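Keep in mind it's a predicted model, so treat the numbers as computed, not measured. What you see below is based on every heavy atom in this structure, not just the backbone, and it leaves out hydrogens, waters and symmetry mates. Below, chain A is the first sequence line, B the second, and so on; all start at residue 1.
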2 protein chains.
Amino acid sequence: MTEADFELRDFLPFLLNQAAEEVSLGFAQVYKARYGMLRTEWRVLAHLGSRGPMTASDIAASAKVHKTKISRAVSALETRRFLSRTTVETDRRRELLRLTDMGKAAFDDLVATARAYDRDVARQFTTEEQAVLRRCLARLAGL
Amino acid sequence: MTEADFELRDFLPFLLNQAAEEVSLGFAQVYKARYGMLRTEWRVLAHLGSRGPMTASDIAASAKVHKTKISRAVSALETRRFLSRTTVETDRRRELLRLTDMGKAAFDDLVATARAYDRDVARQFTTEEQAVLRRCLARLAGL
DNA sequence: GCATATTGGTTGTATTTGTAACCAACAAGG
DNA sequence: CCTTGTTGGTTACAAATACAACCAATATGC
């Protein structure tokens with residue numbers, strides 16, 4: 001007999017993946033449809049929008065995303081004029097990224113959408129559940 | 001002023017992705033190192049192991065994974081002799097997938113590893129937190 | 001100052017994935 | 001039967017990702 005009583009739905013890595021996929025797929029469609037943005041691009045936008053100008057590797061470190069992914073997302077956002085780069089004069093390897101007016105507008109708009117989406121998702125839980133859920137996820141995410 | 005008080009870490013889709021990535025990355029390395037299996041392959045193995053023989057589209061439906069992904073995972077598992085196919089005689093489009101002895105052994109082994117990993121992850125939470133977390137995730141995942 | 005190592009960032013190539021087109025087996029309607 | 005439509009599954013091609021090699025600027029050791 002093999003381990004017949006093993007249930008995938010009790011397995012945390014599986015549960016997390018499944019939930020994450022389900023939840024972020026819905027939101028991905030929103031901003032993809034509206035701005036043609038990929039997940040990483042939206043995340044770069046969010047970082048710059050909420051924390052102000054920073055360099056690519058700052059974002060990579062804070063979002064724990066590989067720098068090549070960031071690099072490509074930044075190019076895409078630059079091409080669409082959502083952000084601009086300026087080389088840091090004291091260290092000319094680094095470039096400070098900042099949102100253009102268009103980028104800020106997109107960010108504001110996406111924040112509104114994001115908040116509404118978040119409320120929508122959260123609504124199916126009690127306040128206590130929400131608190132526990134967010135706390136546990138933050139811990140797991142290493143925040 | 002742009003929406004400066006928006007914090008990514010409060011945004012559920014982001015939290016979920018981050019947590020999922022962090023948690024399943026660790027486990028992925030275990031079974032990738034041991035069996036050279038990809039996530040989808042391990043999930044196919046898990047389905048067949050815990051629910052017995054079934055067809056590719058059964059798995060696709062139950063795991064909510066696209067059938068092409070399943071198809072490729074099944075071929076990979078077949079090549080490595082973890083499973084075998086037999087055409088269903090009453091409907092020759094469908095093929096019943098079942099684990100070979102090797103597949104069963106791999107499944108048993110992975111179940112043990114998975115349980116240990118799960119315990120490890122869960123240990124940082126209280127019993128109540130665990131219950132809430134699993135319940136919420138299951139709901140979000142649509143289980 | 002000069003060789004060496006490190007860091008910020010990009011590019012090239014091999015995998016992986018998603019989307020759509022596809023084939024074969026079956027089902028339904030006439 | 002013979003069209004037409006559906007379903008299970010695979011394949012082909014495009015997009016996305018990971019990984020390693022790379023370039024330029026700076027830091028470090030001597």
Side-chain angles (χ1 to χ4, degrees), chain A residues 17-18 20-22 24-29 31-33 35-44 47-48 53-80 83-98, chain B residues 17-18 20-22 24-29 31-33 35-44 47-48 53-80 83-98:
Chain A
N17 264 320
Q18 209 75 354
E21 210 156 313
E22 195 72 27
S24 50
L25 213 67
F27 187 66
Q29 279 160 351
Y31 58 81
K32 183 165 191 184
Y35 291 103
M37 264 186 220
L38 263 25
R39 270 220 297 282
T40 312
E41 296 168 28
W42 147 241
R43 263 155 82 161
V44 167
H47 274 270
L48 292 175
M54 55 201 303
T55 73
S57 47
D58 291 339
I59 300 178
S62 144
K64 286 198 215 144
V65 172
H66 197 269
K67 57 181 182 169
T68 62
K69 236 171 140 178
I70 300 289
S71 169
R72 285 173 170 131
V74 167
S75 315
L77 289 172
E78 191 190 22
T79 304
R80 294 179 203 186
L83 61 77
S84 68
R85 328 185 187 213
T86 38
T87 324
V88 175
E89 272 317 312
T90 61
D91 180 351
R92 296 209 310 286
R93 286 171 303 185
R94 314 203 292 158
E95 342 186 65
L96 209 57
L97 308 168
R98 76 182 71 238
Chain B
N17 263 321
Q18 210 74 356
E21 210 157 313
E22 195 71 28
S24 51
L25 213 67
F27 187 66
Q29 279 160 351
Y31 58 82
K32 182 165 192 182
Y35 290 104
M37 264 185 218
L38 263 25
R39 273 219 296 282
T40 312
E41 296 168 28
W42 146 241
R43 265 156 79 163
V44 167
H47 273 272
L48 292 175
M54 56 202 302
T55 74
S57 46
D58 291 339
I59 301 179
S62 144
K64 286 198 217 145
V65 172
H66 198 270
K67 57 181 182 169
T68 61
K69 232 170 143 182
I70 300 289
S71 169
R72 296 197 248 251
V74 166
S75 315
L77 288 172
E78 191 189 22
T79 304
R80 293 176 204 188
L83 62 78
S84 68
R85 329 183 187 214
T86 39
T87 325
V88 176
E89 271 318 310
T90 62
D91 179 350
R92 296 210 309 286
R93 287 170 302 184
R94 312 203 293 157
E95 340 185 69
L96 209 57
L97 309 169
R98 76 183 70 239

Spacing between Glu89(A) atom CD and dT26(D) atom C1', to the nearest angstrom:
14 Å

Dump the pairs, protein N or O against N or O of nucleotides 19-25 of chain D, anything under 3.5 Å, distances to one decimal.
| residue | atom | partner | partner atom | Å |
| --- | --- | --- | --- | --- |
| dA25(D) | N3 | Arg93(A) | NH1 | 3.4 |

Atom-pair distance (CD on Glu95(B); P on dT7(D)), nearest Å:
18 Å

Ser71(B) side chain near dT10(D) phosphate (N/O to OP1/OP2, under 4.0 Å):
yes

For Arg43(A) and dT17(D), what is the distance between atoms CZ and C1' respectively, to the nearest whole Å?
14 Å

For Glu21(A) and Ser75(A), find the nucleotide of DNA chain C closest to each by heavy atoms; which residue's nucleotide sits nearer the 5' end?
Ser75(A)

If each end axis of the helix from dG1(C)-dC30(D) to dG30(C)-dC1(D) is fitted on five C1' pair positions, the angle between them, to 10 degrees, is 20°

Verdict with reasoning, Gln18(B) to Arg43(A), per side chain to side chain contact (heavy atoms under 4.5 Å, CB included)
CA-CA 12 Å; Gln18(B) 210 74 356; Arg43(A) 263 155 82 161; 2.9 Å; yes

Rounded to the nearest angstrom, tell me the gap between atom CZ in Arg94(A) and atom P in dT7(C).
13 Å

Short side-chain N/O contact to dG9(D) OP1/OP2 from Ser57(B), under 4.0 Å
yes

Euclidean distance, atom CG of residue Leu38(B) to atom C1' of dA14(C) [Å, nearest integer]
14 Å

Using modelled atom types only, decide if a donor and an acceptor are shared between the side chain of Ser24(A) and the backbone of Ala20(A) within a distance under 3.5 Å.
yes

Side chain proximity check, Val44(B) to Val65(B), heavy atoms < 4.5 angstrom
no

Can you work out whether Arg85(B) or Lys69(A) has the more 5'-proximal nearest nucleotide on DNA chain D?
Arg85(B)

In whole Å, what is the span from the NZ atom of Lys64(A) to the P atom of dA18(D)?
15 Å

Who are the salt bridge (Lys or Arg N to Asp or Glu O under 4.0 Å) partners of Glu22(B), not counting sequence neighbours?
Lys64(A)

Show which side-chain atoms of residues 73-80 of chain A pair as donor or acceptor with protein atoms under 3.5 Å away, not counting sequence neighbours.
| residue | atom | partner | partner atom | Å |
| --- | --- | --- | --- | --- |
| Ser75(A) | OG | Ser71(A) | O | 2.9 |
| Glu78(A) | OE1 | Arg85(A) | NE | 3.0 |
| Glu78(A) | OE1 | Arg85(A) | NH2 | 3.0 |
| Glu78(A) | OE2 | Arg85(A) | NE | 3.3 |
| Thr79(A) | OG1 | Ser75(A) | O | 2.8 |
| Arg80(A) | NH1 | Tyr35(A) | O | 3.3 |
| Arg80(A) | NH1 | Gly36(A) | O | 2.6 |

Atom CG of Leu96(A) to atom C1' of dG9(C): distance rounded to whole Å?
14 Å

Tell me every residue that passes side chain to side chain contact (heavy atoms under 4.5 Å, CB included) with Ser84(A), counting only those two or more places apart in sequence or in another chain.
Arg98(A), Thr100(A)

In chain order, what residues pass the side chain to side chain contact (heavy atoms under 4.5 Å, CB included) check against Arg72(B), with sequence neighbours excluded?
Thr68(B)

To the nearest angstrom, the CG-C1' distance between Asp58(A) and dG9(C) comes to 13 Å

Within this structure, what is the NZ-CZ distance for the pair Lys32(B) and Phe27(B), rounded to the nearest 0.5 Å?
14.0 Å

Considering non-hydrogen atoms only, spot the tightest contact between Leu97(B) and Thr55(B) and give its length.
CD1-C, 4.1 Å

